[in-house]
Participant: 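Pasting a structure here, questions to come.
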Amino acid sequence: MELMVALALAGVLVSLSLGAYGKGLRDYAYALSSHSLMFDAKVREMQKSIRELRGCPDANRL
């Protein structure tokens with residue numbers, strides 16, 4: 001009987017920890033993608049300003 005209670009308790013703890021791990025993984029993926037989008041926008045903005053400084057005729061193309 002004690003073994004069944006211990007296994008049930010272990011199962012509950014494992015299921016809770018897997019849920020928390022999944023949520024943390026989703027939050028990490030969201031933060032990584034939003035950072036990547038922000039980084040790409042900054043790179044495009046810097047490329048455009050460099051082209052404008054150099055006097056490229058198609059500086060507004062980006």
Side-chain angles (χ1 to χ4, degrees):
M1 188 68 169
E2 290 178 20
L3 182 59
M4 287 180 18
V5 171
L7 287 176
L9 185 59
V12 169
L13 290 176
V14 167
S15 67
L16 290 175
S17 65
L18 286 177
Y21 176 74
K23 183 184 179 310
L25 195 60
R26 281 191 305 272
D27 291 347
Y28 170 74
Y30 175 75
L32 186 64
S33 66
S34 64
H35 179 268
S36 177
L37 291 174
M38 183 180 63
F39 180 75
D40 290 344
K42 288 287 186 185
V43 167
R44 281 191 219 103
E45 181 181 324
M46 289 173 65
Q47 287 174 340
K48 182 179 176 183
S49 65
I50 288 171
R51 286 187 175 140
E52 288 174 350
L53 287 173
R54 289 182 179 172
C56 293
D58 59 347
N60 295 323
R61 185 173 54 120
L62 295 176

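All values below were derived from every heavy atom in this structure, side-chain atoms included, with hydrogens, water molecules and symmetry-related copies excluded. Residue numbers count from 1 along this sequence. All figures in this text were calculated on a predicted structure; none of them were measured in a lab.
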Participant: Show me the side-chain donor-acceptor pairs of residues 6-19 shorter than 3.5 Å, one per line, residues at least two apart or across chains.
Facilitator:
| unit_1 | atom_1 | unit_2 | atom_2 | d |
| --- | --- | --- | --- | --- |
| Ser15 | OG | Gly11 | O | 3.4 |
| Ser15 | OG | Val12 | O | 2.8 |
| Ser17 | OG | Leu13 | O | 3.2 |
| Ser17 | OG | Val14 | O | 2.9 |

Participant: Please give the remaining members of the hydrophobic cluster of Leu53, linking ILVMFWY side chains under 4.5 Å, ordered by chain and number.
Facilitator: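 Its cluster mates, by chain and number: none.
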
Participant: Output the rest of the hydrophobic cluster of Phe39: all Ile, Leu, Val, Met, Phe, Trp and Tyr residues reachable through side-chain heavy-atom contacts under 4.5 Å, sorted by chain and number.
Facilitator: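 Members alongside Phe39: Val43.
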
Participant: Give me the other members of the hydrophobic cluster that Met4 sits in, counting Ile, Leu, Val, Met, Phe, Trp and Tyr linked by side-chain heavy atoms under 4.5 Å, directly or via other members.
Facilitator: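 Same cluster as Met4: Met1.
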
Participant: Kindly state each residue pair satisfying side-chain hydrogen bond (donor to acceptor under 3.5 Å, both in side chains) with at least one member in residues 28-37, sequence neighbours excluded.
Facilitator: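 Passing the test, one end in residues 28-37: no pairs.
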
Participant: Listed by chain and number, what are the side-chain hydrogen bond (donor to acceptor under 3.5 Å, both in side chains) partners of Asp27, not counting sequence neighbours?
Facilitator: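 If we apply the side-chain hydrogen bond (donor to acceptor under 3.5 Å, both in side chains) test to Asp27, skipping adjacent residues, the hits are Lys23.
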
Participant: Scan residues 2-17 for pairs that pass salt bridge (Lys or Arg N to Asp or Glu O under 4.0 Å), counting only residues two or more places apart or in two chains.
Facilitator: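 As it turns out, there is no salt bridge (Lys or Arg N to Asp or Glu O under 4.0 Å) pair with a partner in residues 2-17 once direct neighbours are skipped.
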
